[in-house]
A.B. asks: 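Would you mind keeping the following structure in view while I ask a few things?
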Amino acid sequence: MSEAMELAGQVALVTGGSRGIGRALAGELAAAGARVAVVARDAGRAQAAAAELPGEGHRGFGCDVADSGAVNELVKTVEAEMGGLEILVNNAGITEDNLLVRMSDEAWDRVLNTNLKGAFNLIRAAARGMMRRRSGRIINITSVVGITGNPGQANYAASKAGLIGLTKSVARELASRGVLCNAVAPGFIDTEMTAALPEAAREALLAQIALGRLGRPEDVACVVRFLAGPAASYVTGQTLVVDGGMVM
Ligand code: NDP
């Protein structure tokens, strides 16, 4: 097997794979030879994204990661129809920013249920098969704000900090079964999620980035490919920061 196709024969499930960072990392895993299950709430966009990936055998699925029943069905379907599930990337995420005193119960719950419980739902559903096969890679996409905190993002930062604790617990619990779990913490990446930021906020953020530019989805995707592949077989429980030197 050439090194360029180090994930040949493996199945990867990427939540939030229809656009932004998830789409780029689905592309990178597909380029490494994996067959990819692209998951998003909008099934049509997930299927369209899957159809554009390099290689054969990719599929798109509509599923809300916050719905544990739907997630259990999704994982069963992927394992049965795609022939396994070796790599899980929990990337689906939303923001619903507001000042703390104005943040509604609903805004708190929606963000925690998608970003944190969503990852738990997928890990719980996928872990059984991975443990049985004695091999698996779980990669959770957190954020630098889960490390630093951010005004106006109490719900989002809490969900992302929670993902780091979840990552470490899963890494400890599943290590003896050959399942590795790591997190990737992107900084400020140019996607639809960050496109809505006002120009002044963009400029202020840019000034904090040592490398002097926003990140591209591809900058995150190649780190995920590393964590999914054979080169990372002695790495677990870690959070890799990919932020151009914003947080040190
Ligand atoms: P986008 O908003 O561009 O894409 C989000 C993706 O998640 C879409 O595919 C969306 O599809 C999917 N999604 C959202 N909610 C759900 C849900 N409940 N169930 C299933 N899929 C869902 O986001 P980014 O690409 O910018 O971000 C990807 C991840 O990276 C997120 O976890 C984000 O927090 C994190 N991140 C992003 C940073 C950035 O600067 N952009 C920085 C740090 C972290 P659909 O709407 O159809 O469900």
Side-chain angles (χ1 to χ4, degrees), residues 14-29 65 89-104 107-108 110-116 118-119 138-168 171 181-228 231-232 235-248:
V14 179
T15 69
S18 62
R19 58 176 193 262
I21 294 171
R23 186 174 192 149
L25 63 88
E28 195 65 36
L29 297 176
V65 296
V89 187
N90 287 305
N91 163 82
I94 55 168
T95 52
E96 219 172 310
D97 300 351
N98 214 334
L99 295 175
L100 189 66
V101 293
R102 294 196 192 140
M103 192 172 282
S104 66
W108 175 271
R110 274 193 292 267
V111 169
L112 269 290
N113 284 341
T114 300
N115 299 6
L116 183 55
I138 299 169
I139 299 153
N140 297 319
I141 308 300
T142 174
S143 164
V144 288
V145 309
I147 300 167
T148 63
N150 202 22
Q153 291 200 306
N155 52 359
Y156 182 75
S159 73
K160 294 300 188 179
L163 273 177
I164 295 173
L166 176 66
T167 298
K168 293 177 185 177
C181 182
N182 291 288
V184 173
F188 187 17
I189 311 297
D190 204 2
T191 68
E192 281 178 35
M193 184 180 267
T194 46
L197 273 178
E199 197 49 39
R202 273 176 103 81
E203 289 300 319
L205 275 166
L206 204 50
Q208 295 171 37
I209 302 174
L211 289 179
R213 66 167 176 86
L214 300 191
R216 294 180 290 259
E218 294 72 25
D219 294 323
V220 180
C222 53
V223 174
V224 170
R225 176 175 176 170
F226 159 69
L227 287 172
V235 181
T236 197
Q238 303 305 306
T239 298
L240 281 182
V241 175
V242 182
D243 70 346
M246 189 162 77
V247 172
M248 296 189 196

A.B. asks: Using the side-chain contact (heavy atoms from CB on, under 4.5 Å) rule, take I147 and V241 through it: C-alpha gap first, then chi angles, then the decisive distance, then the call.
C.D. replies: CA-CA 10 Å; I147 300 167; V241 175; 3.9 Å; yes
A.B. asks: Can you tell me how far CZ of R225 sits from CD of E218, rounded to the nearest 0.5 angstrom?
C.D. replies: 13.0 Å
A.B. asks: Does any part of the side chain of E28, heavy atoms only, come nearer than 4.5 Å to the side chain of V224, both counted from C-beta?
C.D. replies: no
A.B. asks: Say whether, by atom type as modelled, one donor and one acceptor occur between the side chain of N98 and the main chain of S104 under 3.5 angstrom.
C.D. replies: no
A.B. asks: Could you tell me which non-hydrogen atom of N155 sits nearest to which non-hydrogen atom of E96, and how far apart they are?
C.D. replies: ND2-O, 3.1 Å
A.B. asks: First locate atom CD of E192, then atom CD1 of I21, and finally report the distance between them rounded to the nearest 0.5 Å.
C.D. replies: 11.5 Å
A.B. asks: Got a sec: does the CG of L99 have more than 12 other heavy atoms crowding it under 6.0 Å?
C.D. replies: yes
A.B. asks: Between A157 and G149, what is the shortest heavy-atom contact and its length?
C.D. replies: CB-CA, 4.3 Å
A.B. asks: Give a yes or no answer on whether the side chain of Q238 reaches the backbone of T236 with a donor-acceptor pair at less than 3.5 Å.
C.D. replies: yes
A.B. asks: Test your reading of the model: is there a side-chain donor-acceptor pair from D243 to the backbone of I209, 3.5 Å cut-off?
C.D. replies: no
A.B. asks: Taking the side chain from N182 and the backbone from G237, do they hold a donor-acceptor pair closer than 3.5 Å?
C.D. replies: yes
A.B. asks: Can you give me the closest heavy-atom contact between S143 and A185, atom names plus distance?
C.D. replies: C-CB, 3.8 Å
A.B. asks: Minimum heavy-atom separation for L100 to A154, with atom names?
C.D. replies: CD1-CB, 3.7 Å
A.B. asks: Picking from N113, T114, N115, what satisfies side-chain hydrogen bond (donor to acceptor under 3.5 Å, both in side chains) with S159?
C.D. replies: N115
A.B. asks: Taking the side chain as everything from C-beta on, heavy atoms only, tell me whether I138 gets closer than 4.5 Å to N90.
C.D. replies: yes
A.B. asks: Within the structure provided, determine whether I141 and L25 are in side-chain contact (heavy-atom separation under 4.5 Å).
C.D. replies: yes
A.B. asks: For the backbone of G17 and the side chain of R23, can you confirm whether one donor and one acceptor N or O come within less than 3.5 Å of each other?
C.D. replies: no
A.B. asks: Can you name the closest pair of heavy atoms from A119 and N140 and give their distance?
C.D. replies: CB-OD1, 4.3 Å
A.B. asks: Is the side chain of T142 donor-acceptor paired with the backbone N or O of K160 at a distance under 3.5 Å, no angle test?
C.D. replies: yes
A.B. asks: N91 side chain to G16 main-chain N or O, any donor-acceptor pair under 3.5 Å?
C.D. replies: yes
A.B. asks: With side chains defined as the heavy atoms from C-beta onward, is the minimum distance between V111 and T95 less than 4.5 Å?
C.D. replies: no
A.B. asks: Would you name the heavy atoms of L227 and A232 that are closest together and state the gap between them?
C.D. replies: CA-CB, 3.7 Å
A.B. asks: Checking V235 against L240 for the side-chain contact (heavy atoms from CB on, under 4.5 Å) test, could you report, in this order, the C-alpha distance in whole Å, the side-chain angles of both residues, the deciding distance, and whether it holds?
C.D. replies: CA-CA 10 Å; V235 181; L240 281 182; 5.8 Å; no
A.B. asks: Under the side-chain contact (heavy atoms from CB on, under 4.5 Å) rule, what do L197 and L205 come out as? Steps first, then yes or no, please.
C.D. replies: CA-CA 10 Å; L197 273 178; L205 275 166; 3.7 Å; yes
A.B. asks: Let me know which of R202, R213, R216 forms a side-chain contact (heavy atoms from CB on, under 4.5 Å) with D190.
C.D. replies: R202
